[in-house]
Amino acid sequence: MALDDKTLDALAEHLHACQREARDTPKITDQHPEMDFDDAYAIQDRILAAKLKAGARIAGYKAGLTSHAKMKQMGVTDPVFGFLVDEFIVPDGGEVQTGELIHPKVEPEIAFVTRTELKGPGCSVANVLAASDLVLPGIEVIDSRYRDFKFDLKSVVADNTSASRFVVGGRAVDARSVDLRTTGVVLEKNGQVVALGAGAAVVSHPAAAVAMLVNHLGRRGKSLPAGSLVLSGGITEAVSVQKGDHVTLRVQGMGSVSVRFA
Ligand SMILES: O=C(O)C/C=C/C(=O)C(=O)O
């Protein structure tokens with residue numbers, strides 16, 4: 001670790017305040033270029049601890065920057081991992097209060113619900129599929145706290161990988177009954193198709209992103225608990241949204257999920 005506890009506390013409080021107050025900030029590595037990945041995840045942990053202390057409960061986990069489209073869009077090279085809490089949940093067909101966010105974007109994702117605990121290292125696609133109950137469509141709303149979505153990997157990890165809201169719904173299916181690599185997704189904004197792709201865009205198989213998350217947790221002495229919801233990462237580039245927009249995600253064989261920006 002390159003940063004001391006006092007600096008980690010201050011950076012976590014700063015990013016958490018930016019999220020709560022919907023205000024942006026320059027990326028934190030501008031002031032702390034020596035920050036390493038252990039520091040970045042320690043800052044993310046501190047934000048989660050503050051939320052839990054304030055009464056939040058964990059709603060799941062997420063992988064991000066798992067597709068080449070997203071890596072290219074954001075100018076980064078590796079996936080990142082974050083947490084979801086109950087304040088991020090939006091019901092299927094529900095509303096996001098756009099004024100509570102800075103510059104939201106939406107991403108089409110495959111969500112997993114696990115049945116048994118998963119532990120790394122060595123977690124594989126087969127392990128994830130064997131441990132998963134269901135997969136279903138999910139729209140993640142990301143909202144980087146960094147000005148103009150300009151960040152490096154360490155900064156975005158500290159910022160809980162831009163997590164802000166998510167909605168899952170449609171028709172959940174058995175994770176082993178579909179080939180998630182060839183599962184097509186169509187993202188619509190205000191009735192127009194704005195992005196489309198297939199599951200293999202996410203590190204060749206969405207379950208591989210979940211395995212990467214599990215192996216990441218394993219390196220940190222943690223596991224993925226049974227019954228976890230996991231967003232496996234945006235299949236396409238993220239699409240900007242504003243107040244008044246209505247977004248629908250259609251996933252082959254799994255129906256659709258939608259959200260409105262009020
Ligand atoms: O693009 C960002 O702001 C970081 C988060 C990315 C994802 O959540 C993703 O690619 O799915």
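As the structure lists them, so they are numbered: ligands from 1, and atoms in each ligand from 1.
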Quick one: which ligand 1 atoms are inside 4.0 Å of a heavy atom on [X]?
X: Gly233; result: 11 (O)
X: Ile142; result: 1 (O), 2 (C), 3 (O), 8 (O)
X: Met74; result: 1 (O)
X: Phe149; result: 3 (O)

Top protein contact for [atom], by heavy-atom distance:
atom: atom 5 (C) of ligand 1; value: Thr161 O, 3.3 Å
atom: atom 10 (O) of ligand 1; value: Leu65 N, 2.7 Å
atom: atom 8 (O) of ligand 1; value: Lys62 NZ, 2.7 Å
atom: atom 4 (C) of ligand 1; value: Ser162 OG, 3.5 Å

Requested in this report: Test the Lys62-Phe166 pair against the cation-pi criterion, namely NZ or CZ under 6.0 angstrom from the six-membered ring centroid and within 45° of the ring axis.
Outcome: no

Query raised in the report: Between Phe37 and Val80, is there a shared hydrophobic cluster once you connect ILVMFWY residues whose side-chain heavy atoms come closer than 4.5 Å?
Result: yes

Query raised in the report: Does the separation of the ring centres of His246 and Phe261 fall below 6.0 angstrom?
Result: no

**Report entry** Check against side-chain hydrogen bond (donor to acceptor under 3.5 Å, both in side chains), Glu109 and Ser232
**Finding:** CA-CA 6 Å; Glu109 307 207 9; Ser232 58; 5.2 Å; no

Report task. Please round to the nearest 0.5 Å and tell me the distance separating atom CD1 of Ile110 and atom CD1 of Ile235. Result -> 4.5 Å

Query - Test: Arg46 and Asp9 ion pair at under 4.0 Å - result: yes

Query raised in the report: Does a side-chain N-to-carboxylate-O contact under 4.0 Å join Glu95 and Arg165?
Result: no

Query raised in the report: Any idea which of Glu107, Lys70, Gln73, Glu109 brings a heavy atom closest to atom 9 (C) of ligand 1?
Result: Glu107

Query raised in the report: Looking only at N/O atoms, are Gly234 and ligand 1 under 3.5 Å apart anywhere?
Result: yes

